[in-house]
2 protein chains.
Amino acid sequence: MADHTESLVMDEFMKSCRAHGLKVTPQRLAIYKMLQGSSEHPSADAVYRRIHEQYPSISFDTVNRTLLTFVDMGVIDTVESHQGVRRYDTDTSTHHHLHCVKCGKIVDFYDAGLNAIEIPASVSKGFTILGKRVIISGICPECTSKMQSQEGH
Amino acid sequence: MADHTESLVMDEFMKSCRAHGLKVTPQRLAIYKMLQGSSEHPSADAVYRRIHEQYPSISFDTVNRTLLTFVDMGVIDTVESHQGVRRYDTDTSTHHHLHCVKCGKIVDFYDAGLNAIEIPASVSKGFTILGKRVIISGICPECTSKMQSQEGH
DNA sequence: GTTACTGCAAAGGCTTTGCAGTCTG
DNA sequence: CAGACTGCAAAGCCTTTGCAGTAAC
């Protein structure tokens, strides 16, 4: 059944490519497949390194350009951040982020209440809203405990 | 009175420098003063170009490093974005952002209700929360009307 | 057979690092 | 005066662009 579900997902992806006038290539299939189920928010380089293990002939450029293409297609998003390399979000549904200011880790979280946030009409006037997200910045548990263990400075 | 208020602000800034063990230099004063009242979210280059007009001997590097120093001091923040050059936010109080995905413009907005957002304890567990922000992405009025005027494609 | 995609290479843009001279406290 | 800051230059990353060969349709 896992295989069945997986092939359905890939079928959908191939349809989406054709709908956008894009060709279905082995590289695109491999990258898309790899992104399924990756919940960390990888950079182009991270995707490249992982996919390169099982597909050594693929180039970084193809991975990089494919990710940008996927963003255009709407199958992934770019993550907002306080700078650094571009990172991608494989979950295009509405959700929220915790940003660790120490290690840069980004954790997804889901909350129906936050999804329902209302923007005051006065601020959204004339602005076409496409998405809403709550960003919590702070220090993740790992970094917090690291800091406590070096507390005496 | 404007002068009085202004010098108070500068006094506070100089105190803050000393509190952080930093020296008060003409460059830092000039940059800080320029940032007061700039509500667009400028890049290092934008700050440099503006300040260079009235302070031609200042270098880009100094501006760039000073802005990073100010972030460490906590007098400004970096803006979260979906890539591009680093931009700064001169307002360190809690507020929210509208991001135009077309032109990259970022508009501040204030809403007490949104400031009071509650994060589910299950997600914030172990995470030290430093700040919360709602990011609305969409298309600003200017870009919306541009798109409508070229509607016929 | 066309048209688009891949891989390689180079260029570009922003940020970071190193250092000598200069200035603040 | 000592330590820090500035300005200049170079190095580093990541991202973008250009092109010839190759693959999808």
Side-chain angles (χ1 to χ4, degrees), chain A residues 10-11 13-34 41-49 51-52 54-73 75-88 104, chain B residues 10-11 13-34 41-49 51-52 54-73 75-88 104:
Chain A
M10 295 312 288
D11 279 352
F13 171 66
M14 300 202 294
K15 274 188 203 167
S16 181
C17 283
R18 295 189 185 106
H20 287 266
L22 299 169
K23 295 186 174 175
V24 176
T25 67
Q27 290 90 341
R28 286 182 179 155
L29 289 170
I31 294 168
Y32 184 77
K33 194 170 175 180
M34 203 228 76
H41 302 77
S43 62
D45 186 60
V47 174
Y48 169 67
R49 275 177 297 164
I51 205 152
H52 187 257
Q54 48 193 62
Y55 196 152
S57 64
I58 204 169
S59 74
F60 172 79
D61 296 77
T62 296
V63 172
N64 194 37
R65 268 182 297 204
T66 299
L67 291 170
L68 294 172
T69 302
F70 284 1
V71 172
D72 283 340
M73 290 172 66
V75 302
I76 60 176
D77 286 323
T78 56
V79 176
E80 74 294 328
S81 74
H82 292 261
Q83 280 305 120
V85 303
R86 172 156 28 208
R87 293 168 65 178
Y88 297 92
Chain B
M10 295 312 288
D11 279 351
F13 171 66
M14 300 202 294
K15 273 188 204 166
S16 181
C17 282
R18 296 190 185 105
H20 288 266
L22 299 169
K23 296 189 170 170
V24 176
T25 67
Q27 290 89 341
R28 284 182 179 155
L29 290 171
I31 294 168
Y32 184 78
K33 194 169 175 181
M34 203 228 76
H41 302 79
S43 62
D45 186 60
V47 174
Y48 169 67
R49 275 177 298 163
I51 205 151
H52 186 257
Q54 48 193 63
Y55 196 151
S57 64
I58 205 168
S59 74
F60 172 80
D61 295 77
T62 296
V63 173
N64 194 37
R65 267 182 296 205
T66 299
L67 292 170
L68 294 172
T69 302
F70 284 1
V71 172
D72 284 340
M73 291 171 66
V75 302
I76 59 175
D77 286 323
T78 56
V79 176
E80 74 294 329
S81 74
H82 292 260
Q83 281 306 118
V85 303
R86 173 161 18 208
R87 292 167 66 179
Y88 297 92

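Per chain, numbering begins at 1; letters A, B, ... match sequence-line order. Small disclaimer: the values here were computed from a predicted structure and weren't measured.
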Protein-proximity profile, nucleotides 10-18 of chain C, B/S/- by nucleotide at the 4.0 Å heavy-atom cutoff, equals ----SSBBB
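Residues that satisfy the ring pair (Phe, Tyr, Trp, His ring centres under 6.0 Å) test with B:Tyr88, not counting sequence neighbours, are absent from this structure. By the ring pair (Phe, Tyr, Trp, His ring centres under 6.0 Å) test, A:His82 is found to be paired with no residue, residues two or more places apart in sequence or in another chain being considered. In this structure, the ring pair (Phe, Tyr, Trp, His ring centres under 6.0 Å) partners of B:Phe60, at least two apart in sequence or on a different chain, are B:Tyr48. Partners of B:Ser59 according to the side-chain hydrogen bond (donor to acceptor under 3.5 Å, both in side chains) rule, which considers only residues two or more places apart in sequence or in another chain, are B:Thr62.
Taking every side-chain heavy atom of A:Thr66 into account, C:dT6 is the closest of D:dT6, D:dG7, C:dT6.
Using a 4.5 Å cut-off on side-chain heavy atoms (C-beta onward), A:Gln83 and B:Ser81 make contact. Between A:Met73 and A:Leu22, the closest side-chain pair of non-hydrogen atoms falls below 4.5 Å.
Atom P of nucleotide C:dC8 and atom CD1 of A:Ile58 are separated by 11 Å, given to the nearest angstrom. Look at OH on B:Tyr55: it is 8 Å from P on D:dT6, rounded to the nearest Å.
Between A:Phe70 and A:Tyr32, the angle of the ring planes goes over 60°, which puts this pair in the perpendicular group of the 30/60° scheme.
Ion pairing between a basic and an acidic side chain is recognised when a charged N comes within 4.0 Å of a carboxylate O; B:Arg49 and B:Asp45 show such pairing.
DNA chain D lies under 4.0 Å from at least one heavy atom of each of the following residues of residues 17-29 of chain A: A:Lys23, A:Val24, A:Pro26.
Between B:Ser59 and D:dT6 there is no side-chain polar atom (N or O) within less than 4.0 angstrom of OP1 or OP2.
At the heavy-atom level, B:Ser43 lies nowhere under 4.0 Å from the strands shown.
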